[in-house]
Every structure is written in C-alpha cells, then in structure tokens.
Amino acid sequence: MYEGIARKDNRTFLFMYEKYQAQILRMVEKNSGNADDALDLFQDGMIALWTNIQGGTFQLKPNARISTYLFALCRNIWISKLRKRKAIHAIGQVPDLEGTDEVEQMEEQYQRIQTLEKHLSQLGEACKQLLHLFYHQKASLKEIALELKLTEKTAKNNKYRCMQRLRSIYQIEKRTR
C-alpha cells in the first residue's frame with residue numbers, strides 16, 4: 001500500500017477507503033461527530049498520509065502497518081477539530097475517545113516496532129540477519145545455520161549473544177530517558 005500511495009495509485013486509495021473508512025466513521029460518530037465529519041476526517045487523514053510519504057517524514061518500517069499510522073493521523077486530526085469546535089470543555093483536556101482501544105493498541109504496537117527497529121539498527125548486520133531469520137521468518141536454528149554457513153550450536157550461541165546485545169541497548173536507552 002505504501003508504494004501505491006507514493007505513486008498516487010487510485011486503486012490503492014480506493015482499497016484504503018473501502019477497508020478503513022468504516023472504522024473512522026465509528027470513531028467519529030461515537031465522539032461528537034457525524035458521517036459528513038467522518039468523510040472529511042478520512043479525506044484529511046489520507047491527504048496527510050500522502051503528504052508525509054511524499055515529504056519523506058513517514059517511511060514504512062518492516063512489520064509496521066500503514067493503517068496504524070493512518071488511524072493515528074485521523075485520531076489526532078479529530079482531536080484537533082474537536083478542540084476548535086470547543087467541544088472539549090476544560091482547557092487542555094484531551095477527550096476520552098470511545099471505541100478507540102483498537103486504534104490505541106495499533107499506535108502502541110507501531111511505537112514498539114519503531115523502537116525495536118531503532119535498537120536493531122545499532123546491531124551489526126550479522127545479528128540483524130540472524131534475528132530476522134529466527135523471529136520474522138520463523139526459521140529453525142538448523143535452517144539458520146545452513147543459511148549463514150554456521151554450525152547449529154554456533155547459530156544458537158550467536159542468537160543468544162545478539163539478543164543479549166539488543167537487551168543491553170534497550171536497557172541503556174531506558175536508563176538515559
């Protein structure tokens with residue numbers, strides 16, 4: 001989908017409308033809006049998504065879903081519109097949007113993936129390849145050993161060391177926050 005949006009492929013846009021528009025409609029209708037608001041919001045979200053892809057401010061990471069980013073964009077745009085309408089009574093209060101648990105979970109998952117990608121980028125290529133084979137492609141240690149021309153025991157030890165390094169990178173960042 002990412003490439004289709006970047007190319008302005010009408011089929012990709014149509015697919016996204018068909019697949020995700022109803023979810024945005026439900027969110028908006030449960031939170032002080034109507035169907036027209038939802039259509040406008042979805043259009044604004046799609047434009048923001050396309051603009052961010054074209055401008056290079058959003059690049060899809062492996063294992064990430066573009067829908068997560070689209071929902072986050074729409075949610076933030078809707079909160080902004082509610083603020084402008086003065087639908088939020090207390091100054092600075094963010095509305096508790098009903099029915100957005102799934103969107104929030106997707107946002108959290110997207111953030112976890114982004115953090116993992118950042119940490120993985122600090123590992124060497126050999127570790128990245130080994131962990132990718134094991135966790136993403138679900139390859140066995142025997143298959144990994146064949147692919148990387150290692151013994152199975154060496155593959156197992158390397159996987160352990162790579163995970164230790166990844167945990168260490170995570171802990172260092174966690175302490176510096």
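For reference, positions follow the sequence shown, starting with 1. Since the model is a prediction, treat every value here as computed from it, not as a measurement.
A continuous path of hydrophobic side-chain contacts links Leu131 to Leu148 [ILVMFWY only; heavy atoms under 4.5 Å]. When hydrophobic clusters are built by joining Ile, Leu, Val, Met, Phe, Trp and Tyr residues whose side-chain heavy atoms come closer than 4.5 Å, directly or via intermediates, Leu166 is grouped together with Ile144. No continuous path of hydrophobic side-chain contacts links Phe71 to Leu25 [ILVMFWY only; heavy atoms under 4.5 Å]. With hydrophobic clusters built from ILVMFWY side chains whose heavy atoms lie under 4.5 angstrom apart, Phe42 does not share a cluster with Leu39. A chain of hydrophobic side-chain contacts below 4.5 Å, direct or via other Ile, Leu, Val, Met, Phe, Trp or Tyr residues, connects Leu150 to Leu133.
In this structure, CD1 in Ile77 is found 12.0 Å from CG in Leu82, a value given to the nearest 0.5 Å. Here the CD-CD distance, from Glu143 to Gln137, works out to 9.5 Å after rounding to the nearest 0.5 Å. Rounded to the nearest 0.5 angstrom, Ile79 CD1 and Cys74 SG are separated by 11.5 Å. With rounding to the nearest 0.5 Å, the separation of CG in Leu123 from CD in Gln129 is 13.0 Å.
In terms of modelled atom types and a separation under 3.5 Å, the side chain of Asp40 and the main chain of Asp37 share no donor-acceptor contact. At distances below 3.5 Å, not a single donor-acceptor pair connects side-chain atoms of Glu29 with backbone N or O atoms of Arg26. Side chain of Trp78 to main chain of Gly33: no donor-acceptor pair is present (N/O by atom type, distance under 3.5 Å, no hydrogens or angles). A donor-acceptor distance shorter than 3.5 angstrom exists from the side chain of Lys138 to the backbone of Tyr135, with no hydrogens or angles considered.
Leu73 is listed as a side-chain neighbour of Asn52, based on a closest heavy-atom distance under 4.5 Å. Two residues are said to be in side-chain contact when any heavy atoms from C-beta on lie closer than 4.5 Å; Asp44 and Lys81 meet this criterion. The closest side-chain heavy-atom distance from Lys128 to Glu125 is below 4.5 Å. Arg75 is not listed as a side-chain neighbour of Ile24, based on a closest heavy-atom distance of 4.5 Å or more.
Across all non-hydrogen atoms, the minimal contact from Leu130 to Ala155 is CD1-O, 3.9 Å. Between Lys159 and Leu141, the shortest heavy-atom contact is CD-CD2, 4.1 Å.
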N/O donor-acceptor pairs under 3.5 Å from side chains in residues 11-21, not counting sequence neighbours:
from	atom 1	to	atom 2	distance (Å)
Thr12	OG1	Asp9	OD2	2.9
Tyr17	OH	Gln43	OE1	2.3

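For the residue pair Gln164/Arg161, the side-chain donor-acceptor check at 3.5 Å is not satisfied.
A 6.0 Å sphere centred on NZ of Lys156 holds no more than 12 heavy atoms belonging to other residues, nucleotides or ligands.
Under the rule for a ring pair (Phe, Tyr, Trp, His ring centres under 6.0 Å), Phe134 has no partner lying at least two apart in sequence or in another chain.
Within the structure, every pair that satisfies the disulfide bond (SG atoms under 2.5 Å apart) test and touches residues 120-171, not counting sequence neighbours, is listed here: Cys127-Cys162.
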